[in-house]
Structures are given as C-alpha cells and as structure tokens.
Amino acid sequence: MKRISALFILLPLVFIGCIKITTVEQPTEAKAGAEITVKVHLETDLGEGTEAEDLAIQNAHGLLGVCIPNDWELIFAEFSGDVSGWMSEDRALADDCEGNSPADLGYRWIALISQQGFVYTEKIVKFLVTLEFKVGEVTGNYHLMYRSGLSYGAGSDTTTVWHEHTEVADITVR
C-alpha cells in the first residue's frame, strides 16, 4: 500500500510540475569550428498555491535535451539558480528524446542530466543552464531544438518526465 500512496503523491508532479524552458539565448551566427555559449533559462511550475505545494521529491535530477548538428560537440554544461552543479551526457535519455521526436537527417539528440540529485520542492523555481559547444565545420542554416524535464527516483523505480514544450532556435554557421 505504501507504493500506491507514493504514486498518488507523485501524480501532481507528472501533471502540473515540471521544469520548463522560458527562453534560449543562442547566437544567430557562428564561425565554423568556433566555440559558442548557449544559455537556457528554465523555471518550474511547482509554486505556492498549486496542488504540488509542500511536495518534496527526493533524488531529483534536472534534464535538458538538445538536438544539434551531427558534427557539433558539447564542451561543458552547468546549471545554476536555486540549485546548481554540472550536467553530464546520458545516452539512454538521448535515445528517449529521439524516440519521442526523431532528429532530422544531419542532426542528433544529446541529453544532459544533473550530476547531483536534489530535493525538488516549490522553493526551487529558476534555473539557468549554460552550455558550451564547439560548432562543426559544415556551414549552413541550422535549427537547434531544446527540451527540458525532470527525473526522480532510483534504479528501476526512476521516473522521467519531459515537458511537452520544445524551444527551437536558429543559427547560421559561416
């Protein structure tokens, strides 16, 4: 019965509480082979007065998926805000992004997960993810796609929730 009770406690998170992208700061142009910085602003909808008030999710991890050109490379990813730390790539989460929204020809998904877990409550409201990419050598116009989410739990009891909104930002590589 404890497992069923825990499930009902977590249901509000699935329906109303997730980490969502509010804006993406990305250059509109870059030189082939250059390094660029992208800033992704995120916030939660677990505020006071919602059904999730006083909810505390243990071992939560922030997620960010980015669909990039095949020849681009992620140099680093960090997040700051109400909690902060480093993010690392996760192939299984990238496959999950690909399964939900297949990448166009010439693109691939990378997915990032916060390295440290945190307690997710209504007091955690804003995040900034800073990404550093090495742009590839292939010139052209590109559409990068961003999606955010949250993972919580441990082992086989881990739940992953992606926010339904995706953000698209264009960049021209010269």
Side-chain angles (χ1 to χ4, degrees), residues 13-14 16-30 34-47 50 52 55-101 103-104 107-136 142-153 158-173:
L13 178 66
V14 174
I16 66 162
C18 199
I19 300 172
K20 61 185 176 183
I21 297 171
T22 57
T23 58
V24 174
E25 293 177 49
Q26 172 188 294
T28 56
E29 290 189 6
E35 292 181 7
I36 63 167
T37 300
V38 174
K39 294 185 177 188
V40 182
H41 298 266
L42 305 113
E43 59 184 46
T44 67
D45 43 11
L46 275 183
T50 69
L55 182 66
I57 305 295
Q58 302 294 319
N59 198 34
H61 292 268
L63 307 176
L64 184 69
V66 187
C67 192
I68 59 174
N70 283 334
D71 65 341
W72 286 34
E73 177 186 342
L74 177 70
I75 298 170
F76 77 85
E78 65 181 346
F79 66 100
S80 57
D82 293 326
V83 293
S84 61
W86 294 97
M87 299 186 85
S88 56
E89 289 188 60
D90 185 292
R91 185 71 245 160
L93 291 169
D95 291 344
D96 190 39
C97 287
E98 178 69 27
N100 289 312
S101 181
D104 290 339
Y107 290 83
R108 66 185 169 93
W109 279 101
I110 61 169
L112 306 167
I113 185 168
S114 59
Q115 291 178 351
Q116 290 284 124
F118 53 90
V119 179
Y120 187 54
T121 71
E122 80 270 2
K123 292 179 174 63
I124 296 176
V125 178
K126 294 188 182 228
F127 297 94
L128 171 66
V129 176
T130 303
L131 307 168
E132 188 80 23
F133 287 107
K134 180 170 187 207
V135 174
Y142 295 100
H143 310 286
L144 276 59
M145 189 174 355
Y146 299 85
R147 70 185 308 200
S148 58
L150 185 73
S151 175
Y152 55 91
T158 299
T159 299
T160 300
V161 181
W162 290 100
H163 199 275
E164 69 274 358
H165 173 75
T166 57
E167 192 73 26
V168 177
D170 295 332
I171 187 168
T172 299
V173 176

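Note that the structure is a prediction, hence the values are computed from the model and not measured.
- Not counting sequence neighbours, the partners of N59 by the side-chain contact (heavy atoms from CB on, under 4.5 Å) test are H61, A154.
- Applying the side chain to side chain donor-acceptor pair (under 3.5 Å) rule to E25 yields the partners H41; only residues at least two apart in sequence or on another chain are considered.
- Considering only residues two or more places apart in sequence or on other chains, A103 meets the side-chain contact (heavy atoms from CB on, under 4.5 Å) condition with C67, E98, Y107, W109.
- Contact of the L64 side chain with the L131 side chain is registered, since non-hydrogen atoms from C-beta on lie closer than 4.5 Å.
- D90 contributes atom CG, which lies 11.5 Å from atom CD of Q115 (distance to the nearest 0.5 angstrom).
- A distance of 9.5 Å separates CG in D71 from NZ in K134, rounded to the nearest 0.5 Å.
- Checked against side chain to side chain donor-acceptor pair (under 3.5 Å), T37 has the following partners two or more places apart in sequence or in another chain: E132.
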Just distance, no hydrogens or angles: give the donor-acceptor pairs under 3.5 Å from side chains in residues 77-88, sequence neighbours left out.
unit_1 : atom_1 : unit_2 : atom_2 : d
D82    : OD2    : V125   : N      : 2.6
D82    : OD2    : K126   : N      : 3.0

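- Once rounded to the nearest 0.5 Å, the distance linking CZ of R147 with CG of N100 reads 5.0 Å.
- Looking at every heavy atom in both residues, A169 comes nearest to V24 through CB-CG1, 4.4 Å.
- When all heavy atoms of G62 and F118 are compared, the closest pair comes out as N-CE2, 3.7 Å.
- Pairing each heavy atom of T158 with each of G153, the nearest pair is OG1-C, 3.8 Å.
- Between M145 and E167 there is no side-chain heavy-atom pair separated by less than 4.5 Å.
- The shortest distance between side-chain heavy atoms of L63 and I19 does not fall below 4.5 Å.
- Inter-residue side-chain proximity for I36 and I171 is flagged as met; some heavy-atom pair is nearer than 4.5 Å.
- What you find for T44 and I124 is that their closest heavy atoms are OG1-O, 2.8 Å.
- In this view, D170 and H143, V168 satisfy the side-chain contact (heavy atoms from CB on, under 4.5 Å) rule, not counting sequence neighbours.
- The shortest distance between side-chain heavy atoms of I68 and Y142 does not fall below 4.5 Å.
- Atom CG of L42 is separated from atom CG of L150 by 11.5 Å, given to the nearest 0.5 angstrom.
- Between V173 and W72, some side-chain heavy-atom pair lies under the 4.5 Å cut-off.
- Shown here are the salt bridge (charged side-chain N to carboxylate O under 4.0 Å, His left out) partners of D95, two or more places apart in sequence or in another chain: R91.
- With rounding to the nearest 0.5 Å, the separation of CD in E89 from CG in L112 is 6.0 Å.
- Looking only at side-chain heavy atoms (C-beta outward), P69 and L144 come within less than 4.5 Å of each other.
- To the nearest 0.5 Å, the span separating CD1 on I21 from NE2 on H165 amounts to 6.0 Å.
- Taking W162 as the reference, D96 meet the side chain to side chain donor-acceptor pair (under 3.5 Å) condition, with sequence neighbours excluded.
- Looking at residues two or more places apart in sequence or on another chain, you find no side chain to side chain donor-acceptor pair (under 3.5 Å) involving E35.
- Looking at every heavy atom in both residues, A94 comes nearest to A111 through N-CB, 3.3 Å.
- Under the salt bridge (charged side-chain N to carboxylate O under 4.0 Å, His left out) criterion, E73 pairs with no residue, sequence neighbours left out.
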